[in-house]
Amino acid sequence: MKMGFLNVYKRDMTRFFRFKHQLFSSLLQPALWLGFFGMAMAGNFDRILSSTGTAVPAGVMSVDYLTFMCAGVIAATILFTNIYGGFILLFDKNWGILREIIASPMPRRDLITGIAMSGITKSWIQSLIVILFGLLLGVSFFSGKGPLEILISFAGIFIFIALFAMAFICISAFIALKMDSPEGFQGISTLLTMPLFFVSNALYPATGLPPVLQQVAMINPLTHLTAGIRYFAIGDNFSAIGMQFVYTPGEILISLLYLAFFAGIMFLLAWRTVDKVVIT
Amino acid sequence: MNNENIIEVSGLSHSYDDLRAVDNISFRVKKGEIFSFLGPNGAGKSTAINVLITLLPLQKGEVFIAGHNLSSSPKYVRDSIGIVFQEITLDRDMTVRETLEFHGNLYSMGRDEIGSRIEELLGLVELSDKKDILTKNLSGGMKRRLEIARGLMTRPKVLFLDEPTIGLDPQTRRKTWDYLRMVNDEGTTIFLTTHYMDEADILSDWISIIDHGRIIASGTPEDLKNSLGEDIICLETADTELAKTAIINYDGIKSITESGEGLVIMTDRDGAQILPEIISGLNRDEITISSVNLKKPSMDDVFMHYTGKELRD
Ligand SMILES: Nc1ncnc2c1ncn2[C@@H]1O[C@H](COP(=O)(O)OP(=O)(O)OP(=O)(O)O)[C@@H](O)[C@H]1O
Ligand SMILES: [Mg+2]
């Protein structure tokens, strides 16, 4: 077997399923978030909107806030999972088997490839759970779609998630390889997450942000991931929180290419870093 | 490269910034032998071994391992060696079996081979009943044995071990030596570093004593001990200076050094014969003797002689 990354992948997934508490909380957390925060906000938004009485243009599907936000929760979950997902490398470096791996004949890049693959798999599992939980709570994803269309929607969502997950697990791997302490790793990752999360369209439309931040939101990968998920899960023309959202296939394609490009760059960055890392 | 030598190193140096941790060392390891680097803490043992196993870049010097040039074909070198690191290097959350499987896969071993090799090696290091235990639940000695088994998974031509018995109790150390001897008997060349005299003495076919990044003495344990002379006489008298001048011209005396408590005399011929002469001589000169001790040179004496350090723990 020359595919060393499968070995790395297998180990990472074994660890993922081995720690039942961690597994449980990593799956439950986004669901709870959607449940509590989403329900609370939805209640408020819907109250405000009903009092202003904004009219929905004819022929446009109107969705509630919970549905709007569910896509954002999925996107944010993928962000959090992967930005901390490279921690295994720091752990292996300080207390584990990175020395063994680095001194073996396996190409070091397989390490990044394997970890990226497991990051993607975990992200898929998590998003599936959030979607199912959301549907239970009354999120109106895939409304009016037949089985085949739903399947295509899932494929689209999963492709977007894969690219985004790969980008951020590679960023995380890069940070882990550069850092010496868990505190440093934690600090940098948290610092990155905050602006990414809030300067995006995950929880609210980016149009509500100050103009400069709107520009930033435009290049924020999280914005493009959320757009992709909304396009496939809700539709290309819908209204929510009193606003109309229109996504043309062209726009979605650009989002997809942008994420692919971004993921490619981050992947190369992590590859280069792992090639140079020295551990004794 | 000579076929007899499985490792050939010439002019190897390694620096951390401006600290020269390994300073122009050259040595060779014969196929099938147990070779030791013996040296105190900070001597540069780990640095040297880490260059050989490709964890550190080769800055200066030429290294051949199992016929492969380290600088041009590090991948082939990696394929031919097994490693046991100084620190425990295990994933605490993987089982014993998973640890070995992961390692076999890192080296592209076949599935069946991995399976049969695991059975074989766990038998050797007596961990067969721990196969499905997480490594964090193994004792220190078991962890070391697992690491030795892992180092042997790929049937390496050379097994490198950096301080293999550090932190183990005397009984486990002895056991570990037995495993290493067994492995060596099956044809694996062993390269180890240690700061334990007894370990180097008992295990090695060849020892290089290393200090401050340089090799300061090399030889078989016997040769090294013999190089100090036939016997060592330790002598405490009322007047060290007087005693020294009185004895210095005796026939068969190789060297006399003053140590904290008295005189250390190394002899060229049987110390049991010289000792009575010394005692009667000192009696004649009326120098009181408070204690006498005659012994064969040990590895401690060798180490002390070459490094000027007494090191036992
Ligand atoms: N990564 C590093 N950066 C800077 N200096 C280092 C590094 N590693 C080792 N040194 C220094 O190099 C010298 C040799 O260290 P090395 O670890 O090779 O010694 P050693 O013989 O293995 O000692 P020990 O018996 O304690 O393991 C020491 O002075 C040490 O402080
Ligand atoms: Mg060392």
Side-chain angles (χ1 to χ4, degrees), chain A residues 1-23 26 85-115 117-118 176-177 180 182 272-280, chain B residues 14 16 21 46-57 59 68 73-95 97-114 134-136 146-147 150-151 153-154 156 160 162:
Chain A
M1 189 186 80
K2 278 283 176 208
M3 290 177 289
F5 56 87
L6 286 181
N7 194 31
V8 176
Y9 172 73
K10 193 176 142 203
R11 169 187 175 232
D12 218 29
M13 292 315 294
T14 307
R15 289 178 58 101
F16 180 65
F17 289 114
R18 173 153 300 157
F19 308 115
K20 298 285 180 259
H21 296 108
Q22 234 161 298
L23 177 66
S26 83
F87 184 74
I88 179 77
L89 287 178
L90 184 72
F91 181 83
D92 280 347
K93 184 164 72 172
N94 289 355
W95 304 283
I97 56 176
L98 197 55
R99 231 182 270 126
E100 175 199 1
I101 296 172
I102 293 283
S104 81
M106 184 188 82
R108 291 178 175 200
R109 295 171 170 197
D110 283 7
L111 185 57
I112 300 297
T113 313
I115 285 179
M117 282 170 55
S118 70
L177 290 171
D180 288 325
R272 268 177 60 100
T273 312
V274 81
D275 267 344
K276 290 206 193 116
V277 75
V278 174
I279 305 148
T280 56
Chain B
H14 196 94
Y16 301 104
S46 293
T47 305
I49 211 171
N50 284 338
V51 173
L52 299 190
I53 63 176
T54 75
L55 269 188
L56 284 174
Q59 293 176 345
H68 306 294
S73 358
K75 161 109 169 53
Y76 290 109
V77 171
R78 289 179 186 161
D79 268 324
S80 1
I81 64 174
I83 309 167
V84 178
F85 300 98
Q86 180 167 345
E87 294 86 15
I88 296 287
T89 302
L90 293 171
D91 183 341
R92 38 181 287 119
D93 300 313
M94 283 191 337
T95 66
R97 186 211 308 268
E98 286 167 349
T99 299
L100 296 177
E101 278 173 355
F102 182 80
H103 190 80
N105 284 330
L106 277 181
Y107 287 74
S108 310
M109 289 171 72
R111 242 183 108 96
D112 296 342
E113 200 193 350
I114 289 178
L134 293 181
T135 66
K136 66 177 158 200
L146 173 58
E147 290 191 316
R150 180 177 69 187
M153 267 301 278
T154 57
F160 287 89
D162 197 358

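Letters A, B, ... mirror the listed sequences (proteins, then strands); counts begin at 1.
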Closest heavy-atom pair and its distance - [X], [Y]:
X: Asn7(A); Y: Phe102(B); value: ND2-O, 2.9 Å
X: Thr14(A); Y: Glu98(B); value: CG2-OE2, 3.7 Å
X: Pro105(A); Y: Tyr107(B); value: CD-CE2, 3.1 Å

- Could you grab the distance from atom CD1 of Ile88(B) to atom CD1 of Ile97(A), nearest 0.5 Å is fine? 13.5 Å

- Approximate separation, where rounding is to 0.5 Å, of Glu147(B) CD and Glu100(A) CD: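 Output value for this atom pair is 9.0 Å.
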
- Give a yes or no on this: more than 12 heavy atoms of other residues, nucleotides or ligands lie within 6.0 Å of atom OH of Tyr76(B). no

- Any chance CZ of Arg18(A) has more than 12 other-residue heavy atoms, nucleotides or ligands included, within less than 6.0 Å? yes

Checking [X] against chain A: side chain, backbone, both or neither under 4.5 Å from a heavy atom?
X: Arg111(B); value: neither
X: Phe85(B); value: side chain
X: Ile49(B); value: neither
X: Ile83(B); value: side chain
X: Gln86(B); value: neither
X: Ile53(B); value: backbone

- Side chain, backbone, both or neither: which part of Arg11(A) has a non-hydrogen atom closer than 4.5 Å to chain B?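 Contact with chain B: side chain only.
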
- Query: Given that the side chain runs from C-beta out, which part of Ile102(A) has a heavy atom under 4.5 Å from chain B: side chain, backbone, both or neither?
  - Reply: both

- So which of Thr99(B), Asn50(B), Asp91(B), Thr54(B) has the biggest tally of heavy-atom pairs under 4.5 Å with chain A?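 Max contact count across the listed options: Asp91(B).
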
- Message: Below 4.5 Å, heavy-atom pairs only: which of Val77(B), Ile81(B), Thr89(B) has the largest tally toward chain A?
- Response: Thr89(B)

- Query: For Arg99(A) and Leu55(B), what are the C-alpha separation, side-chain angles and deciding distance, and is it a side chain to side chain contact (heavy atoms under 4.5 Å, CB included)?
  - Reply: CA-CA 8 Å; Arg99(A) 231 182 270 126; Leu55(B) 269 188; 3.5 Å; yes

